[in-house]
Amino acid sequence: MINIHQNGNCLECDKKCSAFKRLLSEELNYINQYRFHITYKKGEVIFKQNTPASNVISISRGVAKTTFEDKFNKNLILSLIKGPSLVVGPGIYVDNIYHFTLTALTEVHACIIDVLAFKKLIRENSDFAEQYISEMSVRAIRNYQRTFCLTHKQMHGRVADALLNLSQNIFNAPEFEMPLTRQELGEYTGLTKESVSRILTKFRDDQLIQMDGNIIEILNMDKMITISENG
DNA sequence: CCATTAATTATCG
DNA sequence: CGATAATTAATGG
């Protein structure tokens, strides 16, 4: 974690997440005083579960994951995030602790923003607050789908969901470079890495996907969606 | 249906 | 080259 910039300011920033677009010029100048821009390398932890939640993170570029970890080695990837996106730990309004770990999957450009400055803007600008609530709501709805996926679907459906989410919500393309290892795909789908591996080669043999090294292309989107829906 | 185990192969640093 | 990741196959809850 090196490479601290002070170049530019929030007013001119064109990588703002949508909530910040609701801020007035003077509010942007205010928040500008309480932020650090930083570049994380692939694999670096941005913040860690069970540590004090003193900041919110505005990711301008890159892909990250949120993981819920127990004391041993059972990890669950809660969500994948693509910038621009504002990552706010729910703990800031509960117990001031981060309840998940945020990790860069690619190079991530982000601003670390003081949580007190963020809360002040929430109180003072209802437009900003509403946009933030709206973003939280989108995540809540996605969480319903994910909970359903992990509790009611079986292997093929879960892997299909993972691929569809990457394709539709993260990369907006049928072809993309897989940012997750097989282990991580397992942690995302609640399967073992061996099962993930086996399903992926079956998908390839069935002409559903093409795999070229780390590049994955969904060849038959309709069938993939059917598999997702049928569990 | 799917995890576990184990053995083998590929890839990374 | 040694370590780590991915694949494949066999077994059993």
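Lettering of chains follows the sequences in order, A, B, ..., and the numbering in each one begins at 1. Everything numeric here is computed off the predicted structure, so don't read it as measured data.
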Are [X] and [Y] in a cation-pi contact, defined as NZ or CZ under 6.0 Å from the six-membered ring centre and within 45° of the axis?
X        : Y        : result
A:Lys120 : A:Tyr34  : no
A:Lys119 : A:Tyr93  : yes
A:Arg146 : A:Tyr188 : yes

**OP:** Indicate, with a heavy-atom threshold strictly under 4.0 Å, whether A:Gly231 touches base, sugar-phosphate, or nothing.
**Re:** nothing
Distance, rounded to the nearest Å, where [X] contributes [atom1] and [N] contributes [atom2]:
X        : N     : atom1 : atom2 : value
A:Phe203 : C:dT7 : CZ    : C1'   : 17 Å
A:Lys202 : C:dT8 : NZ    : P     : 14 Å
A:Leu200 : C:dT8 : CG    : P     : 11 Å
A:Leu191 : B:dA3 : CG    : C1'   : 10 Å
A:Leu185 : C:dT7 : CG    : C1'   : 14 Å
A:Met211 : C:dA5 : CE    : P     : 18 Å
A:Lys193 : B:dA3 : NZ    : P     : 11 Å
A:Asp212 : C:dA6 : CG    : C1'   : 16 Å

OP1, OP2 of [N] versus side-chain N and O of [X]: anything below 4.0 Å?
X        : N     : result
A:Ser195 : B:dC2 : no
A:Arg198 : C:dT7 : no
A:Thr192 : B:dT4 : no

What are the two closest non-hydrogen atoms of [X] and [Y], and how far apart are they?
X        : Y        : answer
A:Leu200 : A:Met211 : O-CE, 3.8 Å
A:Ala19  : A:Glu135 : N-OE2, 3.3 Å
A:Ile92  : A:Ala53  : CG2-CB, 4.0 Å

Subject >> Matching residue for A:Leu23 among A:Asn29, A:Leu121, A:Leu11 - test: side-chain contact (heavy atoms from CB on, under 4.5 Å) >> reply: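 Option passing the side-chain contact (heavy atoms from CB on, under 4.5 Å) with A:Leu23: A:Leu121.
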**OP:** Please list all pairs passing the salt bridge (charged side-chain N to carboxylate O under 4.0 Å, His left out) test where one or both residues lie in residues 45-59 of chain A, with sequence neighbours left out.
**Re:**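 Listed by first then second residue: A:Lys48-A:Glu69.
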Subject >> Sub-4.0 Å heavy-atom contacts from residues 144-166 of chain A onto DNA chain B, ordered by number >> reply: A:Gln154, A:Met155
Tabulated below should be each protein N or O lying under 3.5 Å from an N or O of nucleotides 6-13 of chain B; please produce it.
none

Original post:
Does the side chain of A:Glu107 pick up a donor-acceptor pair with the side chain of A:His109 at under 3.5 Å?
Top reply: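 Per modelled atom types, A:Glu107 and A:His109 side chains form a pair under 3.5 Å.
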